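Only one structure is covered here, and it is reproduced in the block below.
Here the structure is a predicted model, which is why all the values come from computation and not from measurement.
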Amino acid sequence: MGSLIQEVSGKVLSRRGFVAGSAALAASLAASSSLVACQPSSQQQAEQGAESAEGEGVWISAACWHNCGGRCVNRVLMKDGVVVRQGSDTSHEDSFEWLQQRGCPRGRSQQQQCFGADRLKYPMKRTSWQPGGGEASHGELRGKDEWERISWDEAIGYIAEEVRRIYDSYGPRAVVGNGGPGIEQVLVKLGGYLQVTDTSSCGTYSFNVSKLGLPATDLGETNDRFDLKNAETIVVVGGNSVWSSGGTTMNNFNQAVEAGVKFVYVGPSYNATAAYFDARWIPIYPGTDTAFLLGVAYEMLQQDVVDREFLNTYCVGFDADHMPEDATLDENFEGYLLGEYDGQPKTAAWASAICGAPEEDIAWFAETVGKDHKVMLFHNYALARCTSADNVPQLFMTVGAMGGHMGKSGHAMGGAYKTFAGTHGPTLVAYGETGVKAMDNPVKEYITAPLLWQSLLDGSFNSTGKAYSNEFNAQDIKQADVKYLSFEGAARVQNTPSSVTAIEAIRRMDFVTCSSHFFNAQAKYADIVLPITTEWERVGGFPGHQRSRETVIVYTQVTEPLYEAKTDQEIGTMLAEKLGLDAKELWPISEKQQFFNQILGCTFVDQAGEDQVLVTITQEDIDAWECEGAPQEGVVGLGEFLKNGCYTIKRAEGDAYVRIGYQDYIEDPEANPRPSDSGKFEIYCQYKADTLNSMGYSPDGTFKPYPNYVAAPEGREGAFVDGVVGGKPSAYPFVVYNPHYLRRAHPVLDNAPWLREAWPNPVFLNASDAAAKGVSDGDTVRVFNAHGATLRTASVTEIVMPGCVGLPHGAWLDYDEEAGIDRAGTDNVLCGTVTSGMGTSGYNNYNCDFERYDGEALAADCTLPQRIVSLD
């Protein structure tokens, strides 16, 4: 066992031998797993505890780098060159003032990603594919073909040959990439490529919400966690941080829970987060948050709980007397609520018919969030990942403003997402720059993600700008005959809507490459597959999302690269050299020097608000690393910093780090204007209406400058014939949404055996809906709609409201083309090429139906064979 890693690195094991060795390693690792499904006997636990107590092995920091709730502190116990245990933050004692940054089951299963028997081991070529394009590519066999092992030189040679041909014959607009760190940096050097813009995580908050007066994506302007206890009520709308932000995040709320703050949860299910808070649940259908909040705003008017002074001072557009100077429409939000323009007052009864929340709940919520109470209004982004949710950012802000819930202790309004769930304010600890800047892509055209696959089939797309920026423009139809798809750093087949259409579009390409750790969906439908190293095999680094504003997380190398895996920079360098380019122009310094530069640049904010050097680095450290740099004096030594895997600021009640969101603006609005055109919160925003109406994804005039209700292409109205809510049910009378799931981070880790056993990935069905269709808990069900069909085992429950189906996000595609059914529960099989507004990926409000499956029942996912490509 002690020589397993060395043997793997030396490529001396056969496939069968590695599987056997990995199974033995996994068995020993399981003895220390925190996963209930894999717990050893009490005797085994005692033996492991005794072994650790004797001090055998060395703990080192390791990466937890995936895009879930945030990257946590991950540490591994190495013994004789093998990882025998995993742990998390032990750098200091744990308290609310000094929170340990603990990981969740995903991070604690990380060794199964690095050392999994299903790792891609060598470069591979699809057997029937040949360079040259056209019939030589045999695109119809993608996903069906056999594979052959090739050398790195052959693989890079094929890529260089095809890249030259495609760029010379068709130009850069015949290539689609995603901003990857290796191959795609070289493609930028060649002239660039078409990019994909996706509203992805933040949904409609990826619009230019600064024009409303909000910070980017509405993050950064709620209160510091020490102020949460001062609220009377904390409202959470959408999301499930206990699952999506597993680890330390929920501890941010501990003082509030202990102080007796009341919690309210608004969403389609009484999920783990609602249960954690013992929250009052207000059930609403996915994608109907606009209707719900309009009903709340109307009721606030009727109950006279609106803070008029706040609205008049800090906002524009609520009523006719407080309009922005650039208004072109003689309408305002109050008039819209009262039905002055469309004849429909936005009453609780009107809202209830659409969103499903009882009228009395809407009225109660309106009084609860009114001006007479100390309330914090938090949203996640599930409500924004819906088609026709483009008014959500403005409306959520408006309801917060109507209650005056900004700039004061105990009051807040804004996002509670990932690392920002329950704590906001300036970052207190940060890492430095690598010293290498990514190349700027000269092609400034973007394909909208939900329409990506259909755009590739049609040869045209609507280039309307880039999500998460201020670069939006009116409808602009471009023609493009795409020949080459590069899958580097993006799980497009898994995460982009309409996985079924993806297969058809990919088969039209001349050339598809994929860099991956495993034989996932992107690899399965590629022509050349390249094995890349995991972060455990790299020199070290800092995760992109830090765990909290108070912590910086760092990780080091666990093992040498396994088999023939290479880093993205190594792959990019090889390709650049094969193409005759100077790789030093792309990567002028080594990956080790880049990491060292980041360490040198680590800073923390002191109590006076000044940036200070974090890490002490001596000349001996510089010499040992064989890197460039100058000695510096910080507050933690290099060795201690790297061993702990993090540095966390110790907090105290009333310290200088406490932040109240929007306080500077509320105390002096003239000196601290908001980034909108008016300098205020824009309840009427001309830019919003003009931009959304011009983009071509919804009929012109759909969006008002104030937040108005817009029916979605699918969703609540789609559950009824002709879109008449309450009428005859349509062919697909349920709304399917895609909760993030503890088994994986998007599709990453879905193949980890421990997680597969612990989290079976069912489909969540309401008990009354299931009973009406003769479905019992544990039955295999077929969930289907106009876009596709998938199989899952039913989890019948009362915590999902009737009319909703919860299909967890991120399962690896397992599509049976002959039957037209995915067997893995892949959520994007049910998502079609449908969008609206700004071109939103509306994952959470598609329509569907379900039925008891009359074919062979699904086996448990953990019993299925791993996806190992045989090259023997």
Backbone N/O of [Y] and side chain of [X]: donor-acceptor pair under 3.5 Å:
{"X": "Gln185", "Y": "Ala438", "value": "no"}
{"X": "Thr556", "Y": "Ser61", "value": "yes"}
{"X": "Ser88", "Y": "Gln101", "value": "yes"}
{"X": "Thr127", "Y": "Glu146", "value": "yes"}
{"X": "Asn74", "Y": "Gly107", "value": "yes"}
{"X": "Lys592", "Y": "Cys627", "value": "no"}
{"X": "Tyr741", "Y": "Gly810", "value": "no"}
{"X": "Arg106", "Y": "Arg744", "value": "yes"}
{"X": "Glu56", "Y": "Lys79", "value": "no"}
{"X": "Trp98", "Y": "Thr648", "value": "yes"}

What's the separation between atom [atom1] in [X] and atom [atom2] in [Y], rounded to the nearest 0.5 Å?
{"X": "Phe595", "Y": "Gln557", "atom1": "CZ", "atom2": "CD", "value": "10.0 Å"}
{"X": "Gln594", "Y": "Ser590", "atom1": "CD", "atom2": "OG", "value": "7.0 Å"}
{"X": "Leu642", "Y": "Leu638", "atom1": "CG", "atom2": "CG", "value": "4.5 Å"}
{"X": "Phe96", "Y": "Asn251", "atom1": "CZ", "atom2": "CG", "value": "8.5 Å"}
{"X": "His92", "Y": "Gln100", "atom1": "NE2", "atom2": "CD", "value": "6.0 Å"}
{"X": "Gln866", "Y": "Leu864", "atom1": "CD", "atom2": "CG", "value": "10.5 Å"}

Counting only heavy atoms not in [X], do more than 12 fall under 6.0 Å of its [atom1]?
{"X": "Glu97", "atom1": "CD", "value": "yes"}
{"X": "Lys643", "atom1": "NZ", "value": "no"}
{"X": "Glu433", "atom1": "CD", "value": "no"}
{"X": "Gln619", "atom1": "CD", "value": "yes"}
{"X": "Glu148", "atom1": "CD", "value": "yes"}

Minimum heavy-atom separation for [X] to [Y], with atom names?
{"X": "Glu564", "Y": "Pro531", "value": "O-CG, 4.1 Å"}
{"X": "Cys114", "Y": "Leu562", "value": "O-CD1, 3.4 Å"}
{"X": "Arg142", "Y": "Tyr525", "value": "CD-O, 3.2 Å"}
{"X": "Ala490", "Y": "Gln522", "value": "O-CG, 4.0 Å"}
{"X": "Trp759", "Y": "Pro105", "value": "NE1-CB, 4.5 Å"}
{"X": "Ile528", "Y": "Ala155", "value": "CG2-CB, 4.3 Å"}

Under 4.5 Å between any side-chain heavy atoms of [X] and [Y], yes or no?
{"X": "Cys646", "Y": "Ile553", "result": "yes"}
{"X": "Glu550", "Y": "Lys650", "result": "no"}
{"X": "Asp89", "Y": "Arg75", "result": "no"}
{"X": "Val636", "Y": "Phe604", "result": "no"}
{"X": "His517", "Y": "Ile532", "result": "yes"}
{"X": "Ile649", "Y": "Val429", "result": "yes"}
{"X": "Asp153", "Y": "Lys578", "result": "yes"}
{"X": "Thr826", "Y": "Gln494", "result": "yes"}

Does a donor on one side chain and an acceptor on the other come within less than 3.5 Å for [X] and [Y]?
{"X": "Ser241", "Y": "Tyr276", "answer": "no"}
{"X": "Glu184", "Y": "Ser486", "answer": "yes"}
{"X": "Glu537", "Y": "Thr534", "answer": "yes"}
{"X": "Glu591", "Y": "Thr567", "answer": "yes"}
{"X": "Asn178", "Y": "Arg492", "answer": "yes"}

Steps toward side chain to side chain contact (heavy atoms under 4.5 Å, CB included) verdict (Leu614, Val635) = CA-CA 6 Å; Leu614 178 63; Val635 295; 3.7 Å; yes
Ring pair (Phe, Tyr, Trp, His ring centres under 6.0 Å) between Tyr122 and Trp147, intermediate numbers included | CA-CA 11 Å; Tyr122 318 106; Trp147 293 87; over 10 Å; no
Using 30° and 60° as the class limits, which term best fits the ring planes of Phe511 and Trp129: parallel, tilted or perpendicular?
-> parallel
Take the angle between the ring planes of His809 and His746 and call it parallel below 30°, perpendicular above 60°, tilted in between.
-> perpendicular
Is there a salt bridge (Lys or Arg N to Asp or Glu O under 4.0 Å) between Arg867 and Asp750 once you walk through the steps?
-> CA-CA 11 Å; Arg867 300 187 185 186; Asp750 190 51; over 6 Å; no
Does the pair Asp94 and Leu99 meet the rule for a side chain to side chain contact (heavy atoms under 4.5 Å, CB included), with working shown?
-> CA-CA 5 Å; Asp94 186 43; Leu99 289 174; 4.2 Å; yes
Partner of Asp145 by salt bridge (Lys or Arg N to Asp or Glu O under 4.0 Å), out of Lys125, Lys524, Arg126 = Arg126
Evaluate the side chain to side chain contact (heavy atoms under 4.5 Å, CB included) criterion for residues Asp118 and Ile868: first the C-alpha distance (whole Å), next the side-chain angles of each, then the deciding distance (0.1 Å), finally the verdict.
-> CA-CA 5 Å; Asp118 51 349; Ile868 300 174; 3.8 Å; yes
